[in-house]
Amino acid sequence: MEIDKVYEPQRFEPHWAEWWVEHNTYHAEAHPGEPYFSLAIPPPNVTGSLHMGHMFEHSIIDAQVRWRRMKRTPEGKSVDTLWLPGTDHAGIATQIMVERQLAEEGLSKRDLRRDAFEARAWKWKEQNGGRIVEQMKRAGVSCDWSRERFTLDPGLSRAVREAFVRLYEKGLIYQGDYMVNWCPRCQTALSDLEVEHEESEGSLWHIRYPVVGSDESIVVATTRPETMLGDTGVAINPLDPRAARLHPRNVKLPLTNREIPIVLDEMADLAFGSGAVKITPAHDSNDFEAGKRHELPSIQVIGEDAKMTAASGKFAGLDRYEARKRIVSELKELGYLEKIEPYKLNVGKCHRCKTVVEPLVSKQWWMKMKPLAAPAIAAVEDGRITFVPANWSKTYFEWMYNIRDWCISRQLWWGHRIPAWHCGDCKTVTVARETPTQCSKCGSAKLTQETDVLDTWFSSGLWPFSTLGWPDDTADLRAFYPTTLLVTGFDIIFFWAARMIMLGMEMMGDVPFRQIHIHGLVRDAERQKMSKTKGNVVDPLVVNDKYGTDAVRFGLLVAAAPGNDIALSEEVIARGRNFANKIWNASRLLFSKDPGAGSRTSLADRWINSRLNAAVKTANESFKDHRYHEAADAVWTFFWDEFCDWYLELKKSDTDWGFAYQVHERALLLLHPLMPFITEELWHRRGHETSIALEPYPEYDPALEDAAAEREMRAFVLILTSVRQRRVEQKIDKKHELIIYVRATGEWFDVIQDNASAIMRLENLKLEIENGSPTGRLTKLSGRNSNQVIWGCLFEGQEICKLGFEIPEITRPTNDRKDRVKKDIEQLEKVIANSKRQLENESFVAKAPAHVIDGMRVKLAEYEAQLAKNRVALAE
RNA sequence: GGGCCCGUAGCUCAGUUGGUUAGAGCGCCUGCUUGACACGCAGGAGGUCACAGAUUCGAGUUCUGUCGGGCCCACCA
């Protein structure tokens, strides 16, 4: 078997990425009623390019999916395993990209008709939308590409209409004029979630409103003085001492000719500012409600373009911030400005374009959330859906209990157009699955479709079942719903996960997934968020190529404790690369050997088999619990520290490598979910022709636990470590053969005898073994200079053998060594004292479990033996 | 204002139901071109687990408080 001298993932990763797709390796068959595992990908935006966040999420998902695909039922049957891929049309995000492209041609959206714009957007999608999919394929994610979906596919559009109509017919979707978050740049309403609040340094302007027919005036405080032009009332608290004399009166609104009433309302906090609040029903949601309570008119002074409207009089046409400056200066000139205080306030910004949103009243479509939330809350409360880590359910509940209606309409051109038709005659709205030809009320044919589209998250909310063919009763739907698992970031729990649960419960009558794994964020080495503007992004396309995809995956996963953020640097990735390199080179060594018969098994063989079994156990348990860092760590320790550093080294003096091949093969299977490329490559180099991804995953077998082998091996590790320490301390080069005298009782004598050659070769030793009682001095040492000898008690503190060295060039123990021995002695004395105190404590002996007490006794004996050895060493 | 999380070796972090000298990677020190790998091998240094109490035979792990840091939600002008 040939294998390249250097690990160069670039030479085989693209090949396997293509091969897997061509061979449909990850195609899932739908067998309704049979055991299955299914997971719908969090669909990346079509606008996107693969970033580290995707890479991390996909590494987690892929590890889980590959593991599940390899698992067999207790009867040995494979499980239908589906990872369904797809992309999201990403309403605003995509529209912005297309607008940008148009702008480069000197065009704006309005220059095109809606149809033309949509066509343009589709063209853009065809040209650019496949990019992220190609990148995912190159990264080797094990999706079933035959089931790839896009949220604007005809099938998914049908699901959107079906869901919309059902909700509308149940009265859960309605149209109405309410205060919404309006983005003046995107020219659309936004949901509450699409507004990011950011604290900023602002001011609190105190403005004096003269009371009509009185010398008195009321001072109101505002953070947005430009809205005063739209004031239609002033509220004071009913308990305000001024209430009696001011209540049924008016104030004169400065800079205008309007008089507006003073009303009593508890919204005015006596303790805040001046105790009086201006009411601007058109530009603040609190005021909107207050306006309704007091039947105040609403005057819109800021338009959808964030410029002052005609209603603002001479300020009309000014940008809202320019208007603010002018209004403040005029108020100041006219003496209406009482004072200005610095003030911290939260400014809402559009999460797509960062423009400050304007609260405006407008007619929008809404979804009633309370009735939908109840079953979704229950599903998590009673455990039909569980969060990993469990703490996230609190965040979920917090939001769900306080949920507010969802503004689902967007004034965009890219998205699912709302299936509602307005009658030109009777103005009735007809909501229908199929495009109607006549008004449902008056029968008129003068119908025009609603121009708004749906929030992109509406279609995402249907994703776990719309992708499986819903509303049709398909085999896929019956075979794979509810999906098994959702893996996603905490940032879209509300946007997406919660809405999928609500819509899944409503449309399917069942949860959309049984588990939600919430992963952390990939940050840079300084724990800063990665962003293009900061220039601190680690681009997966670059590092996948430089270090190999396996390396990036492994680096990410070994650092990924559940829910925790990852501080990513190239060192983390290099760690993965180093591991892959190690696997590669270990395989090179192995493949240079004749497999042989594999019939005979040495102690090393039995030991590594037992260790592999332990690693298999940990890996399986860790994957089950989504503890990928633990799985990665277990396979790392097994492969590097045990398989390479001990097993292969010992094996070098063996002629029969058959067993090593068997262990190596199982190790590849064990590693595959974490490092799919290198394991596939090595699997084929071993002569297999089908994908390793479809092989059964190793299972833990209690019968393979070999306590005797592990105990015996520990003994050799102790001997060798002891020798190595001695060599370094006394600067005895490995070229010098050391003579080791060992006396052991019956069974240990045989063990040491049988394995002597391997140890001798490894450390250039000559072992002289004596069979006999462990006490007393070795006869072979009688009469020798004690300076040449150290004594040690080995084997888990049992005095099974004593050990002596003969050092060819006489050297006395160095001071360094003496210091260390002294330190060891001190430490041991402390630990021994502690253990003794514990064991003499009656409460401890009475209350602690037996294994803890026994364990401590064994340890104590071991400590004492070590102490004795150290004392002898010091006396040398 | 409400909620969540974190503070363990120089750095980045593990440490599941409390239990036997607290671990890893990187970095550091000392050796080593040992016939797979210097992306390596061997040996080593380094931690009063933020602080103060409490519970317990026993606390990095549970509880309370303090200090420090981060995140999310919220219509206090």
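Letters go in sequence order (proteins before strands), and every chain restarts at 1.
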Listing, residues 394-402 of chain A side-chain donor-acceptor contacts under 3.5 Å, not counting sequence neighbours, or none:
from	atom 1	to	atom 2	distance (Å)
Y396(A)	OH	A376(A)	O	2.8
Y401(A)	OH	E381(A)	OE2	2.4
N402(A)	ND2	E398(A)	O	2.8

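- To the nearest whole angstrom, the two P atoms, one in rC13(B) and one in rU20(B), are 26 Å apart.
- Using a 4.5 Å cut-off on side-chain heavy atoms (C-beta onward), I759(A) and L720(A) make contact.
- The aromatic rings of F639(A) and F579(A) stand perpendicular to each other, their planes meeting at an angle above 60°, with 30° marking the opposite boundary.
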List the steps and the verdict of ring-ring contact (aromatic ring centres under 6.0 Å, His included) for H351(A) and F495(A). CA-CA 12 Å; H351(A) 89 313; F495(A) 273 113; 5.7 Å; yes
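- Residues H519(A) and Y628(A) place their aromatic rings such that the two centres sit no closer than 6.0 Å.
- rC39(B) atom P lies 11 Å from atom CH2 of W640(A), rounded to whole Å.
- Electrostatic pairing of R727(A) and E763(A) counts as a salt bridge here, judged by a charged N lying under 4.0 Å from a carboxylate O.
- Of the residues in residues 337-347 of chain A, Y343(A), N346(A) come within less than 4.0 Å of RNA chain B through at least one heavy atom, sorted by number.
- Across the protein-nucleic acid pair, D565(A) atom CG and rC71(B) atom C1' stand 9 Å apart, rounded to whole Å.
- With rC37(B), rC73(B), rC71(B) as the candidates, the nucleotide lying closest to the side chain of F494(A) is rC73(B).
- In RNA chain B, runs of at least 3 consecutive Watson-Crick or G-U pairs, each pair with both distances below 3.5 Å, span B:1-7 with B:67-73, B:10-13 with B:23-26, B:28-32 with B:40-44, B:50-54 with B:62-66.
- When the side-chain nitrogen and oxygen atoms of R575(A) are compared with OP1 and OP2 of rG25(B), none of them lie within a distance under 4.0 Å.
- Residue K5(A) places at least one side-chain N or O closer than 4.0 Å to OP1 or OP2 of rC37(B).
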